[in-house]
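What follows is a set of notes on a single structure, which appears directly below.
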Amino acid sequence: MLSAQSNPVAIALESGRAARQLSYIAEVEVNYDDCGGSGFDPGGIDPWGPEVCPTCHGERTQRITRNYLAEAFQISANPDSTRPVERQHLVAVIQHCRELVGALMRLPEVA
């Protein structure tokens with residue numbers, strides 16, 4: 001039995017996975033939905049003024065991690081999806097296909 005250390009296919013797949021995750025996954029900053037992007041607590045009870053949102057701390061934004069490849073697969077699998085298709089989704093699918101073809105081309109010939 002070949003170990004992952006001596007198997008060139010396993011090594012190529014592992015290095016491909018690490019590179020793919022870095023290019024498909026991005027941390028983005030978006031408006032915080034619970035406070036409506038205002039930075040104030042919508043349920044605040046202070047009669048003298050608005051309270052700072054306890055989650056975004058008045059920053060009005062939040063940082064989220066997006067996996068564009070997974071989102072693209074979810075969009076294509078669900079014909080009733082309301083998620084808009086973005087350029088990053090298409091780029092992720094193209095990169096994924098190129099990596100798959102490249103991995104197939106590196107496989108040794110089987111006689």
Side-chain angles (χ1 to χ4, degrees):
M1 178 185 267
L2 292 174
S3 68
Q5 303 265 343
S6 63
N7 187 349
V9 174
I11 293 170
L13 287 175
E14 284 302 317
S15 65
R17 268 192 212 117
R20 183 174 64 242
Q21 284 180 348
L22 293 176
S23 64
Y24 299 157
I25 299 174
E27 195 169 309
V28 295
E29 197 165 293
V30 296
N31 282 340
Y32 186 63
D33 291 335
D34 288 349
C35 66
S38 69
F40 299 110
D41 187 5
I45 56 172
D46 186 2
W48 291 281
E51 298 174 13
V52 174
C53 178
T55 308
C56 73
H57 307 289
E59 295 292 321
R60 298 184 285 187
T61 60
Q62 66 179 348
R63 294 189 67 73
I64 61 169
T65 302
R66 292 187 62 183
N67 184 334
Y68 290 108
L69 183 62
E71 289 177 9
F73 286 146
Q74 290 169 352
I75 291 168
S76 65
N78 182 6
D80 299 326
S81 177
T82 59
R83 182 186 301 261
V85 177
E86 299 174 25
R87 182 180 189 278
Q88 291 90 347
H89 294 130
L90 303 174
V91 169
V93 169
I94 290 168
Q95 288 176 346
H96 180 67
C97 291
R98 285 180 179 166
E99 289 171 6
L100 287 177
V101 170
L104 288 173
M105 298 305 287
R106 287 189 296 271
L107 287 176
E109 290 276 331
V110 178

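A donor-acceptor pair under 3.5 Å links the side-chain atoms of S76 to the main chain of F73, judged by distance alone. With hydrogens and angles ignored, the 3.5 Å screen pairs no side-chain donor or acceptor of Y24 with any backbone N or O of V91.
For the atom pair L90 CG and Q95 CD, the distance stands at 11.5 Å (nearest 0.5 Å). A distance of 10.0 Å separates CG in L69 from CD in Q74, rounded to the nearest 0.5 Å.
Looking at heavy atoms from C-beta onward, N67 lies out of side-chain contact with E71 at the 4.5 angstrom threshold.
For R63, the CZ atom is densely surrounded, since the number of other residues' heavy atoms within 6.0 Å is greater than 12.
Of all non-hydrogen atoms in I75 and P84, the two that sit nearest each other are CD1-O, 4.0 Å.
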**Q.** Verdict with supporting geometry, R66 and H89, side chain to side chain contact (heavy atoms under 4.5 Å, CB included)
**A.** CA-CA 10 Å; R66 292 187 62 183; H89 294 130; 3.8 Å; yes
